[in-house]
Visitor: 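For reference, the structure I am asking about is given below.
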Amino acid sequence: MIGPISASALAAPDGKVVFGELFTPASGWALETIDSYILSRAGCLESLTYMDYDASIKPALAESWEQVSPTEWEFQLREGVAFQDGTALTPQVVSDSLNRVLNASSPPRSFNPGVIDSVEPAGERAVRITTNEPDVFVPNRLASTETGFLAPAAFVDDRINPVGHCTGPFEIVREIPRQGLELKRNDGYWGGEVQLAEAEVRYIPDGQVRSVMVETGEIHIARQVPASALEQLERSERVEVKTIEAPRTTSLYLNNRAAPLDNMQVRQAIQSAIDLTGIAEAVYEGSVNPAVGQFSPNTPWAPENAAAMPQDLERAHQLLAESGVPASELQFELLAYVERPVLADLAAVIQFQLQQLGIRVNIRVSEYGAIEPQLLAGDFDMVLMSRGYLTDVGDPAGVLVADYSCDGGYNLAGFCDPEVDAQLERASGMVDPEERNVIYQDLAARLQEEAVNVFLIHETISEAVARNVENYQVHAYERTALHKDLKLNSQ
């Protein structure tokens with residue numbers, strides 16, 4: 001599994017593609033965790049609906065759906081779908097699986113008891129989902145990888161085994177712990193003929209290593225290559241670099257719960273001390289744009305004329321003076337996580353820039369899993385976070401509710417305003433996206449003005465793909481990589 005791809009594999013008529021994945025499963029394939037994204041990108045795990053490359057919601061294991069009342073949705077299952085072990089996909093199997101996710105100790109942000117009241121069979125091929133309040137995002141929620149399905153036989157003795165238990169175009173035939181997955185074509189795939197005979201997923205957390213391996217031919221696709229490798233890869237005759245703007249912002253999350261970061265002027269001073277343009281140019285080598293707030297300026301959710309905050313040390317000193325908190329008393333721990341190596345470099349730059357204001361910053365870099373309990377408990381000062389704003393439900397409501405509502409499941413900042421909660425609740429019942437967008441723009445402007453968090457850069461995604469791979473697209477929402485139409489040519 002670790003050796004280079006043979007020439008015969010590259011030239012085979014239906015062939016084999018090797019995908020370089022940056023995450024290693026860490027939760028025993030629990031579907032309510034990030035492990036589900038790995039299974040989805042592997043072409044194994046599928047959900048009732050699917051988020052396409054343009055963020056539109058398409059039928060997947062459900063062929064249609066209908067909102068039958070303000071709080072009830074019915075999903076018609078596709079006829080004749082079976083898991084790779086032969087088990088039929090029935091309304092009872094679907095209901096049991098979704099209820100398992102709802103009852104998890106940490107249910108996903110997109111599909112949890114705070115939103116969903118019940119899931120139950122509703123006839124021979126239908127499933128009824130009832131929400132606590134009117135919610136127009138139920139089809140979006142069911143496009144989450146965390147609401148994907150494994151056969152009942154995958155769940156044995158409190159363990160989850162995805163081998164042979166998916167519905168997707170590829171079947172896992174072997175899992176090599178901490179290394180990767182070996183897959184074969186699902187000849188009974190409901191979605192039609194699968195072009196590749198085989199595929200492989202390798203866990204390669206180091207972006208530089210992924211970049212070298214795709215250039216040398218050891219893998220076909222390197223997911224999310226770092227900016228430092230782009231110039232070399234773009235000169236390569238072996239690979240093509242595909243870059244898209246991502247619906248994702250890297251931010252400095254601030255703990256608004258505790259002094260002195262509960263003081264808005266202290267937060268605004270930190271915001272004014274940071275050079276966003278310099279960070280985009282130096283840390284990301286010009287491959288990204290400075291952030292204008294939570295949302296990229298070319299989205300309908302960014303306030304009109306939104307602009308990046310310029311570095312202004314004079315204003316920063318003035319804000320600190322007005323806050324009544326001497327800079328000499330400000331000392332913070334800044335957390336970053338190793339899964340995105342650029343964050344360590346970014347932390348060092350922020351440390352230096354805040355020192356110019358007299359603020360002392362100590363940096364701690366760790367695996368994300370090691371710091372998440374601390375973050376969720378509110379036991380931190382600052383953390384660098386790469387956060388997708390369409391990841392949970394394919395609409396900004398997902399990140400706004402999770403990160404900025406009083407009971408949000410990922411409200412690291414500790415921001416809480418009942419008026420904001422009321423706005424978000426109204427948005428969840430609005431069918432017209434234009435009406436929702438007005439609310440999103442208003443909230444984005446407030447988050448920026450009050451420096452609830454410091455929004456640093458709007459991200460891009462660059463992936464390197466061997467030139468003999470056909471039909472591969474970068475999925476901005478990180479759901480899809482290996483799919484039925486992926487194939488190899490003979491060049």
Visitor: Can a donor-acceptor pair be found between the side chains of E459 and S386 at a distance below 3.5 Å?
Guide: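 A pair is found: one side chain offers a donor N or O, the other an acceptor, under 3.5 Å apart.
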Visitor: In terms of heavy-atom contacts, does CD of E367 have more than 12 from other residues, nucleotides or ligands at under 6.0 Å?
Guide: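 12 or below, so no.
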Visitor: Parallel, tilted or perpendicular, judged at 30° and 60°: which one describes the rings of H475 and Y53?
Guide: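 Plane angle between 30° and 60°, so tilted.
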Visitor: Would you say CG of N298 has more than 12 non-hydrogen atoms from neighbouring residues, nucleotides or ligands within 6.0 angstrom?
Guide: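 Correct, the count exceeds 12.
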Visitor: If you round to the nearest 0.5 Å, how far is CZ of R128 from CD of E72?
Guide: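 Rounded to the nearest 0.5 Å, the CD-CZ separation comes out at 5.5 Å.
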Visitor: Angle class for the F295/Y389 ring planes (parallel below 30°, perpendicular above 60°, tilted otherwise)?
Guide: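 Aromatic pair F295/Y389 classed perpendicular.
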Visitor: Does the Lys NZ or Arg CZ of R41 fall within the cation-pi geometry relative to F19 - under 6.0 Å from the ring centre and within 45° of the axis?
Guide: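 Because its charged atom misses either the 6.0 Å distance or the 45° angle limit, R41 does not stack over F19.
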Visitor: Supply the atom-to-atom distance T167 OG1 to Y189 OH, rounded to the nearest 0.5 angstrom.
Guide: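 Those atoms lie 7.0 Å apart.
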Visitor: Can you give me the closest heavy-atom contact between S287 and A227, atom names plus distance?
Guide: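 Nearest pair, atom of S287 first, then A227: OG-CB, 3.7 Å.
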Visitor: What's the separation between atom NZ in K184 and atom CG in L196, rounded to the nearest 0.5 Å?
Guide: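 Rounded to the nearest 0.5 Å, the NZ-CG separation comes to 15.0 Å.
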Visitor: Look at the side chain of D157 and the backbone N and O of R159, then say whether any donor-acceptor pair between them is shorter than 3.5 Å.
Guide: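 Between the backbone of R159 and the side chain of D157 there is no qualifying donor-acceptor contact (under 3.5 Å).
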Visitor: Test salt bridge (charged side-chain N to carboxylate O under 4.0 Å, His left out) on E435 and R426 and set out the steps.
Guide: CA-CA 10 Å; E435 293 182 8; R426 288 198 301 273; over 6 Å; no
Visitor: Please test D485 against K487 for salt bridge (charged side-chain N to carboxylate O under 4.0 Å, His left out), starting from the C-alpha separation and ending with a verdict.
Guide: CA-CA 6 Å; D485 295 322; K487 60 183 180 180; over 6 Å; no
Visitor: If you count the non-hydrogen atoms of other residues, nucleotides and ligands that lie under 6.0 Å from CZ in R235, is the total more than 12?
Guide: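 Yes, CZ of R235 has more than 12 neighbouring heavy atoms, counting only those of other groups under 6.0 Å.
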Visitor: If you count heavy atoms of other groups shown closer than 6.0 angstrom to NZ of K242, is the number above 12?
Guide: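 Atom NZ in K242 is packed in, count exceeds 12.
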Visitor: Grab the two heavy atoms, one from H220 and one from K16, that are nearest each other, plus how far apart they are.
Guide: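 Heavy atoms only, the tightest pair is CE1-O, 3.1 Å.
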Visitor: Would you check if the side chain of Q84 reaches a backbone N or O of F170 as a donor-acceptor pair within less than 3.5 Å?
Guide: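 Side chain of Q84 to backbone of F170, a donor-acceptor pair under 3.5 Å: yes, one is there.
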Visitor: Could you state the interatomic distance from CD (E21) to CG (L181), rounded to the nearest 0.5 Å?
Guide: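 If we round to the nearest 0.5 Å, E21:CD and L181:CG are 9.5 Å apart.
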Visitor: Apply salt bridge (charged side-chain N to carboxylate O under 4.0 Å, His left out) to residues E63 and R78 and explain how you reach the verdict.
Guide: CA-CA 5 Å; E63 64 181 10; R78 198 175 292 276; 5.0 Å; no
